[in-house]
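Notes to accompany the following structure.
Because the structure is predicted, anything quoted here is derived from the model rather than measured.
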Amino acid sequence: MNTLLWIAQGLLAAVFGYSGIMKSTQKRDKLVQIGQTGVASLSYPVIRLIGITEILGAIGVIVPVAIGILPLLTSFSALGFAVIMMMAAPIHYKRGEYAAMAFNIFLLLLSLGVMVLRFPKH
């Protein structure tokens with residue numbers, strides 16, 4: 001089970017790390033072009049804030065458990081990803097982007113799994 005959790009955490013870190021880097025560095029048109037269409041109506045400060053949050057979450061979903069310091073932060077990072085996906089899925093649904101919505105739901109469920117299973121049992 002621990003191996004599966006690390007794989008899930010790695011996947012979340014990779015997806016949100018990439019997304020965060022792109023949102024933090026690219027123009028809105030480029031983001032829409034590569035499939036991040038949920039940002040189409042957002043201002044640049046909001047896009048950049050989401051990007052930075054995703055980068056910090058990607059770090060937080062791995063590092064605290066890996067080094068054994070404040071492992072609760074890993075669960076909180078996963079919860080943050082779940083919240084982001086709960087907001088993203090309806091946007092993609094309204095835009096008729098059902099594959100993107102399905103991926104959002106997959107990431108939501110993966111995030112919730114990591115959140116619950118990595119929650120410290122003390």
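- When hydrophobic side chains of Ile, Leu, Val, Met, Phe, Trp and Tyr are connected at separations under 4.5 Å, Y93 ends up clustered with Y98, M101, I105, L109.
- Contact detail for P64 and G60: the closest heavy-atom pair is CD-O, 3.1 Å.
- V63 and I7 are not part of a single hydrophobic cluster, where members link through side-chain heavy atoms under 4.5 Å apart.
- Within the model, atoms CG of L107 and CG of L112 stand 11.0 Å from one another, a figure rounded to the nearest 0.5 Å.
- Transitive grouping of hydrophobic side chains (ILVMFWY, heavy atoms separated by less than 4.5 Å) keeps L56 and F76 in distinct clusters.
- Judged purely by atom type and a 3.5 angstrom limit, R28 has no side-chain atom pairing as donor or acceptor with the backbone of I47.
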(message) Go through it in stages, so that I can follow the logic: the residues are V83 and M87, the test is side chain to side chain contact (heavy atoms under 4.5 Å, CB included), and I'd like the CA-CA distance, side-chain angles, deciding distance and then a yes or no.
(response) CA-CA 6 Å; V83 170; M87 292 186 294; 4.0 Å; yes
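- A pairwise comparison of heavy atoms in G51 and S24 identifies C-OG, 3.4 Å as the closest pair.
- Among F103, F81, F106, the one residue that satisfies the side chain to side chain contact (heavy atoms under 4.5 Å, CB included) test with V15 is F103.
- Minimum heavy-atom separation, V32 to V39: CG2-CG2, 4.4 Å.
- Using a 4.5 Å cut-off between side-chain heavy atoms of Ile, Leu, Val, Met, Phe, Trp and Tyr, with links allowed through other members, L4 and W6 fall into different hydrophobic clusters.
- L70 and I59 end up in the same hydrophobic cluster when Ile, Leu, Val, Met, Phe, Trp and Tyr side chains are linked at under 4.5 Å.
- To the nearest 0.5 Å, atom CG of residue L110 and atom CE of residue M115 are 12.0 Å apart.
- In this structure, S111 OG and F16 CZ are separated by 5.0 Å, a value rounded to the nearest 0.5 Å.
- Annotation: the span from I62 atom CD1 to I67 atom CD1 amounts to 12.0 Å, rounded to 0.5 Å.
- Legend: side chain to side chain donor-acceptor pair (under 3.5 Å) pairs involving residues 44-70, not counting sequence neighbours, sorted by first then second residue: S19-E54, K23-E54.
- Here the closest heavy-atom approach between residue A58 and residue A13 is recorded as CB-O, 3.5 Å.
- The CG atom of L42 sits 10.5 Å away from the CG atom of L49 when rounded to the nearest 0.5 Å.
- Side-chain contact of T74 with Q9: a donor-acceptor pair under 3.5 Å is absent, judged by distance alone.
- The same ILVMFWY cluster, assembled from side-chain heavy atoms under 4.5 Å apart, contains both M85 and V114.
- Taking CG from L73 and CZ from R118, the interatomic distance works out to 14.0 Å, rounded to the nearest 0.5 Å.
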